[in-house]
There are 2 protein chains.
Amino acid sequence: MDAPRTRDPERTRERILDSAQALILDHGFSATTVDAVVGRAGTTKGAFFHHFGSKSDLARALVERYAALDRSHLEESLARAEKLASDPLQQVLLLIALYEEEFEAMDEPFPGCLFASYIYESKLFDTATLEVLRDSTLLWRRVMRAKLEEVAALHPPRRAVDMESLADLFYSLSEGAFIMTKTLGDKTMLARQARHLRTYLELLFGPAEAGATPPPS
Amino acid sequence: MDAPRTRDPERTRERILDSAQALILDHGFSATTVDAVVGRAGTTKGAFFHHFGSKSDLARALVERYAALDRSHLEESLARAEKLASDPLQQVLLLIALYEEEFEAMDEPFPGCLFASYIYESKLFDTATLEVLRDSTLLWRRVMRAKLEEVAALHPPRRAVDMESLADLFYSLSEGAFIMTKTLGDKTMLARQARHLRTYLELLFGPAEAGATPPPS
DNA sequence: CATTATACAGACCAATTGGTATGTTACAAG
DNA sequence: CTTGTAACATACCAATTGGTCTGTATAATG
């Protein structure tokens, strides 16, 4: 937030991106003015148009940074889950639980997903920008599906289910939970929704249980 | 779409609302200009500001119409499900299936949910407008929860689950599916996601099955 | 130290936009 | 038929906004 004493173009650029992201998630892209962005970033229009050719340029740079972070975060979480557990089912459950943990640990409600923000103003963006959304969505589908195929190979599902849409469930449920988080101001939404996804996967792929229901956790 | 020969203020108002809704779901509220709205509605600024005091007024009127439609649609679907089945579990499953059916029957992908559109520009709206979003969300929660409590009373769940977040699942999953629909241009998203929710509820509340998995439908 | 390009700052501009003011036309009441 | 009011239409305005232009300070380079 505070300006650096010495010149640091990288930091200035990042501050502009951070400011823009925060504003966009509350006002949308269109209503987020360049003046407001530079104001919050503690810099000026001169700096803005030095780092970005136009406001559209900012949109693309911002969503690319967001997508890269989302991707690396997914890959790291999956790698962690794969180290902590050996069974594919446990790995998926753990992956989801890791996300739950993070969102529960936040002290303020998650401000929202940039992809969702963009998609409800999709006509404002060029195809290259929208392609980033598409690629990110398909990445989640690919990664989750591959893991779920491993699961299904080891633990035959108790119901015949479509694997592609099953792979989409976490992404889909997350986006929905973000919207509810913003609507109700309740930061527990994601974890509570994701918990049901875990329960679903346990019931679908888990071993048949003997009788009694376990006590609530 | 076509203008009426005779004067019909109600119709003019509705045409403006329809036009605004379509534009907002693609451009967001901020980027949707009054000129564009009246252009698409085949009328003029004079008509617009005769029917609505301001653009903010339109926003509120629009979301109130949307919420009322959403509510009556939910209540009618639930009533239908309650007539077609007697068991609460079957009623819930049927309610979800009815929604699947409708979205599958559409010839163009669902253009999106106005609530989600508003929430990602939430800072642009006054509290009265945002209250509509909140109320609609809580209505879904209340209705679904009441029905699910009936279900749980008759069919003890195989896992101890939080009923409130279970009630939120359909709303949440729908919002997520709408975003994926828009991102991928795939109109089958909602039905395929909702199908998993049905399977989850079946596994959670359904009778213990004897062994084999049923053939894919 | 001189030079030059980078990294800003801030005044300025043309276009857009919500809203208004004024006029005109349909339609119902008397 | 007259008249008044609701339902529009259109020209116009002030404010906002993305973008530019000019100027300046910093820092790397020779």
Side-chain angles (χ1 to χ4, degrees), chain A residues 1-24 26-63 117-118 121 123-126 128-129, chain B residues 1-24 26-63 118 121 123-126 129:
Chain A
M1 276 313 164
D2 31 28
R5 302 167 183 212
T6 174
R7 268 195 180 170
D8 190 343
E10 299 267 330
R11 248 183 76 85
T12 300
R13 200 184 124 98
E14 289 296 310
R15 285 216 323 282
I16 291 174
L17 288 172
D18 291 344
S19 166
Q21 181 164 323
L23 289 171
I24 287 171
D26 278 343
H27 306 80
F29 177 74
S30 175
T32 298
T33 70
V34 176
D35 279 325
V37 170
V38 298
R40 190 181 219 268
T43 181
T44 63
K45 236 171 198 176
F48 183 95
F49 285 102
H50 173 75
H51 286 284
F52 305 97
S54 67
K55 201 189 164 190
S56 305
D57 253 38
L58 167 78
R60 217 186 30 151
L62 187 59
V63 80
S117 173
Y118 276 38
E121 293 180 281
K123 280 280 162 64
L124 308 183
F125 303 105
D126 52 46
T129 301
Chain B
M1 275 315 163
D2 32 30
R5 304 170 183 209
T6 174
R7 269 191 178 171
D8 189 343
E10 299 267 330
R11 248 183 74 86
T12 302
R13 200 185 123 99
E14 288 298 309
R15 286 216 322 283
I16 291 174
L17 287 172
D18 291 344
S19 166
Q21 180 164 324
L23 288 171
I24 287 172
D26 277 344
H27 305 80
F29 177 74
S30 174
T32 299
T33 69
V34 174
D35 280 324
V37 170
V38 298
R40 191 182 217 269
T43 182
T44 63
K45 236 172 198 174
F48 182 96
F49 284 102
H50 173 75
H51 286 284
F52 304 96
S54 67
K55 202 188 164 191
S56 305
D57 254 36
L58 167 78
R60 218 186 30 151
L62 187 58
V63 80
Y118 276 38
E121 292 179 280
K123 280 278 163 68
L124 308 183
F125 304 105
D126 51 46
T129 301

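Every chain is numbered from 1, with letters handed out A, B, ... down the list of sequences. Here the structure is a predicted model, which means the values were calculated and not measured.
Residue A:Thr33 places none of its side-chain N or O atoms closer than 4.0 Å to OP1 or OP2 of D:dT16. A:Thr43 has a side-chain polar atom (N or O) that falls below the 4.0 Å cut-off from OP1 or OP2 of C:dA9. Phosphate proximity of C:dG10 to A:Lys45: absent, as no side-chain N or O sits under 4.0 Å from OP1 or OP2. Residue A:His50 places none of its side-chain N or O atoms closer than 4.0 Å to OP1 or OP2 of C:dC8. A close approach under 4.0 Å does occur between a side-chain nitrogen or oxygen of B:His51 and OP1 or OP2 of D:dC8. Contact between the side-chain N/O atoms of B:Ser54 and the OP1/OP2 oxygens of C:dG18 is not found at any separation under 4.0 Å.
Using modelled atom types, no side-chain atom of A:Ser19 and backbone atom of A:Arg15 make a donor-acceptor pair closer than 3.5 Å. Without hydrogens or angle criteria, B:His50 side chain to B:Gly46 main chain gives no donor-acceptor distance under 3.5 Å. A donor-acceptor pair under 3.5 Å is formed between the side chain of A:Glu121 and the backbone N or O of A:Ser30.
Here D:dT16 presents its P atom at 16 Å from NZ of A:Lys55, a figure rounded to the nearest Å. Rounded to a whole Å, the CZ atom of B:Arg13 is 15 Å from the C1' atom of D:dA6. Nucleotide C:dT17 holds its P atom 16 Å from the CG atom of B:Leu58, rounded to whole Å. Residue B:Asp8 contributes atom CG, which lies 17 Å from atom P of D:dA6 at whole-angstrom precision. Rounded to whole angstrom, the span from the CZ atom of A:Phe48 across to the C1' atom of D:dG18 amounts to 9 Å. As a whole-Å value, the separation of B:Ile16 CD1 from C:dG18 P is 14 Å. Atom-to-atom, CZ of A:Arg11 to P of C:dC8 comes out at 11 Å; the value is rounded to the nearest Å. As a whole-Å value, the separation of A:Phe52 CZ from D:dT20 P is 15 Å.
Distance from the side chain of A:Arg7 is smallest for D:dA25 among the nucleotides D:dA7, D:dA25, D:dG18. When distances run from any side-chain atom of A:Phe49 to the nucleotides D:dC8, D:dG18, C:dC8, the shortest one goes to D:dG18.
Among the protein residues, B:Ser56 comes within range of no part of the nucleic acid, since none of its heavy atoms lies under 4.0 Å from any strand. Within the nucleic acid shown, A:Thr44 comes within 4.0 Å of at least one base atom, counting heavy atoms only.
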* To do: Determine, stepwise, if the pair A:Thr44 / A:Val38 fulfils side-chain contact (heavy atoms from CB on, under 4.5 Å).
  => CA-CA 5 Å; A:Thr44 63; A:Val38 298; 5.5 Å; no

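A tilted orientation is assigned to the rings of A:Phe29 and A:Phe125, their planes being inclined by 30° to 60°.
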